[in-house]
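Working notes for the structure below.
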Amino acid sequence: MMETDHKIKNEDKVDEKRKLDEDYVYGRWGSYQTLQFAFLLFHLWQAGFQLLIGVFIAYRPGFECAAPTNVNHSMYNESNYVIYEKCQIKLYNNDTNGLELKSVQGCTNGYKYLLDKESTIVTEFDLICDKSSLAELIQTLVMAGQLVGAAFASSLSDRLGRKTVHLCSNLMILILGISVAFAPNYTTLAIMKFILGVFQQGIVMSGSVFALELFPQKIRFICELSGSFVWTTGLLVFSALAYLLQNYSWRYLQITLSCFSFLSLIQYWVQDESLRWLIANGKTNEVDKILHKVAKWNKLNYGELKKNVTRKIKLSKTKKPDVEESLLENVDKSLTVEKYSILTILQNKSVLLITMLMCFTWVTNTLTYFGLTLTSTSLAGNRFLNFFFMACVEYISLALEFFMLKRFGRRTATIFFHTITGSSLALATLLNYFSGGNETLKMLSIIATFAGKMSVTGSFSVLFLFTPELYPTNLRNVGIGMCSTFSRIGAMISPFAGLLALHIPWAPGTIFASMCFIVTVIALYLPETRGMDLLQTLDEVKVWYAEHSGFRLKKGRTKNNLESEIEKVYTRESKN
């Protein structure tokens with residue numbers, strides 16, 4: 001009897017596992033989604049490689065003016081003393097009164113580098129002295145390309161499909177990535193880098209939406225954490241390859257990293273279009289083909305899966321969109337769906353204020369993150385190890401982020417991470433400034449910088465979750481898009497942090513730390529979104545902002561309070 005009961009329980013467990021999730025378009029997570037998601041995650045590497053490859057191929061080694069091949073004996077004799085500096089040659093007259101500066105001239109004979117001539121684009125194209133900003137300009141052009149890509153990739157992904165945009169971007173990254181290695185001059189290199197930035201963002205924008213649509217709602221946060229983990233792992237692979245190829249031309253590293261995009265050649269046959277996008281656009285034939293594949297891979301009953309998808313399609317056509325049933329009890333049944341745009345943000349003071357605060361936070365994060373990443377090779381010590389450890393600390397931020405979000409919420413996590421970042425970078429700046437050649441203080445400065453990189457990574461990741469939760473449904477994409485667009489300002493400025501450090505060593509750390517401390521203050525004004533349902537309408541946002549925004553540390557509202565607040569709004573509007 002007990003054995004029979006045990007068999008029944010086991011069968012019930014098996015049936016429970018095989019039972020379809022009616023709220024999930026794919027029915028149940030399985031091998032099919034795992035393969036599709038793994039394919040998307042791998043493409044994060046090539047996106048990261050093309051974005052950050054400038055850390056090594058645009059590295060600026062030590063240099064000085066080269067001595068002439070044919071020595072002019074009238075100039076170089078016992079009475080003259082020549083000093084070869086970085087950007088000029090100084091000729092001193094050696095007489096009984098000591099050295100007297102006789103003349104100063106430019107590096108007429110070229111430059112002498114500590115690395116081989118073709119090691120980096122800086123050494124090959126002599127991007128130093130009066131041309132030093134051109135090296136940073138290359139990275140800025142990549143970021144500018146991202147700005148253009150972000151503006152078009154999202155709309156194209158909605159119109160043409162996630163797979164189409166993702167596949168085309170991958171193929172163009174493969175072609176352009178390898179072509180860059182054969183750039184004959186700086187101008188060609190700069191143009192190609194800009195275009196690479198456009199398609200790099202095409203991968204990111206289409207891929208992020210593609211990945212989210214694979215996941216059921218309950219475990220969607222895993223998508224973000226998995227993406228961050230794979231991104232960081234890609235940085236470790238990147239540093240290892242750069243180390244192995246350090247004695248070769250920068251072109252070999254460019255080709256090697258671009259070859260990771262060869263996977264895109266089989267993407268057309270391996271990766272399927274997003275099922276949600278196909279359903280929304282009425283692509284019934286394609287939907288049926290994918291359902292057959294999902295049923296086969298995940299060992300599901302095709303008929304049951306088809307019924308589940310059909311039910312969801314009918315439900316989406318009949319049910320009022322974007323408004324929860326529990327909130328409809330006190331709202332006029334004829335309420336129409338509100339359409340918002342960027343003008344909505346500009347016309348509402350409370351929403352505009354929150355948006356401005358979030359835009360500054362995004363600029364701070366991009367400037368600090370990319371500034372630290374791109375200048376990691378200029379820190380004291382081995383540049384490859386510095387970049388490697390700078391990437392490793394990002395793993396710590398993922399663990400801290402999970403703990404902070406689960407226990408304390410988005411606003412508290414934002415304040416915590418920015419406080420750690422600002423304090424670490426301020427300490428690193430002070431230690432480096434007063435080190436005076438002391439190796440111990442320099443090492444402590446590097447450790448503090450690593451701590452700052454760790455915490456800013458955590459804050460950056462939190463923003464991708466926090467920002468969309470601050471806006472109503474039909475304004476959510478506009479809100480996060482506006483913040484992301486402003487963040488490109490910080491990204492385009494960040495490459496010049498290293499150049500600024502050459503002239504004013506304490507300036508970058510001071511700027512980063514100051515901006516982070518400002519964020520810790522303005523974040524107190526932001527409302528907490530932990531444990532709250534996503535806002536649906538602009539009226540909800542106004543009520544919520546009025547109640548929870550300000551320099552207070554209140555926890556989020558409860559659902560009952562929200563319903564009563566919404567009821568007051570509609571009651572007041574009906575009287576008017």
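- Residue pairs meeting the side-chain hydrogen bond (donor to acceptor under 3.5 Å, both in side chains) criterion with at least one member in residues 387-397, sequence neighbours excluded: T232-E394, T233-Y395, Y369-E394, E394-K453.
- Across every non-hydrogen atom of S459 and N365, the tightest pair is OG-OD1, 2.5 Å.
- In this structure, NZ on K193 lies 10.5 Å from CG on L141, to the nearest 0.5 angstrom.
- In this structure, OG on S264 lies 10.0 Å from CZ on F42, to the nearest 0.5 angstrom.
- Residues Q271 and L40 have side chains in contact (heavy-atom distance under 4.5 Å, counting atoms from C-beta outward).
- Checked by atom type and distance alone, the side chain of Q146 never pairs as donor or acceptor with a backbone atom of Q201 at under 3.5 Å.
- Among residues two or more places apart in sequence or in another chain, the side chain to side chain contact (heavy atoms under 4.5 Å, CB included) test is passed with A451 by S424.
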Atom pairs and distances, donor-acceptor, side-chain atoms in residues 44-54, under 3.5 Å, two or more places apart:
residue: W45; atom: NE1; partner: V230; partner atom: O; Å: 3.0
residue: Q46; atom: OE1; partner: H43; partner atom: ND1; Å: 2.9
residue: Q46; atom: NE2; partner: N170; partner atom: OD1; Å: 2.7
residue: Q46; atom: NE2; partner: S261; partner atom: OG; Å: 3.4
residue: Q50; atom: OE1; partner: Q254; partner atom: NE2; Å: 3.4
residue: Q50; atom: NE2; partner: S258; partner atom: OG; Å: 3.1

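- Contact annotation: the side chain of F517 never approaches that of H418 to less than 4.5 Å [non-hydrogen atoms, C-beta and beyond].
- Residues M358 and W362 meet the side-chain proximity criterion, which asks for heavy atoms closer than 4.5 Å.
- F417 places a side-chain heavy atom less than 4.5 Å from the side chain of S455.
- Between the CG atom in N386 and the OG1 atom in T449 there is a gap of 9.0 Å [rounded to 0.5 Å].
- Remark: F37 engages F215 in a ring-ring contact (aromatic ring centres under 6.0 Å, His included) (not counting sequence neighbours).
- Scored by the side chain to side chain contact (heavy atoms under 4.5 Å, CB included) test, L431 finds L427, L441, L444, S445 as partners (sequence neighbours excluded).
- Contact record, A426 with A513: N-CB, 3.9 Å, taken as the closest heavy-atom pair.
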Intermediate values then yes/no, side-chain contact (heavy atoms from CB on, under 4.5 Å), I518 and T364: CA-CA 9 Å; I518 293 175; T364 299; over 6 Å; no

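- Legend: residues meeting side chain to side chain contact (heavy atoms under 4.5 Å, CB included) with S274, ordered by chain and number and at least two apart, are R162, F210, E213, R276, W277.
- Side-chain N or O atoms of T421 include one that pairs as donor or acceptor with a backbone N or O of V456 at under 3.5 Å.
- In this structure, the side chains of L425 and L372 come closer than 4.5 Å at one or more pairs of heavy atoms.
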ring-ring contact (aromatic ring centres under 6.0 Å, His included) between F387 and F56, intermediate numbers included: CA-CA 10 Å; F387 188 89; F56 292 109; 5.2 Å; yes

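- For the pair L236 and A391, the tightest heavy-atom approach, listed with the atom from each and the gap, is CD2-CB, 3.6 Å.
- Listed for the T366 side chain is a donor-acceptor partner under 3.5 Å among the backbone atoms of V363.
- Side chains of F389 and I446 form no contact here, defined as non-hydrogen atoms less than 4.5 Å apart.
- Taking the side-chain hydrogen bond (donor to acceptor under 3.5 Å, both in side chains) definition, one finds that T34 meets it with W29, sequence neighbours left out.
- Between the side chain of Q36 and the backbone N or O of V270 there is at least one donor-acceptor pair closer than 3.5 Å.
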Derivation of the side-chain contact (heavy atoms from CB on, under 4.5 Å) call for W506 and L430: CA-CA 8 Å; W506 51 266; L430 289 173; over 6 Å; no

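- The closest side-chain heavy-atom distance from W231 to T457 is not below 4.5 Å.
- A search for side-chain hydrogen bond (donor to acceptor under 3.5 Å, both in side chains) contacts involving T361 returns nothing, not counting sequence neighbours.
- Judged as a side chain to side chain contact (heavy atoms under 4.5 Å, CB included), and not counting sequence neighbours, the contacts of T355 are I345, V351, C359, Y471, M482.
- Summarising the geometry, atom CG belonging to L400 is positioned 5.5 Å from atom CZ belonging to F416; distances are rounded to the nearest 0.5 Å.
- At a threshold of 4.5 Å between non-hydrogen side-chain atoms, the residues F512 and T429 do not count as touching.
- For S169, there are no side-chain hydrogen bond (donor to acceptor under 3.5 Å, both in side chains) partners, not counting sequence neighbours.
- Interatomic distance, CZ of R411 versus CG of L524, reported as 7.0 Å (0.5 Å rounding).
- Atom CZ of F460 sits about 10.5 Å away from atom OG of S228, to the nearest 0.5 Å.
- Every side-chain hydrogen bond (donor to acceptor under 3.5 Å, both in side chains) that N298 has, sequence neighbours left out, goes to Q33.
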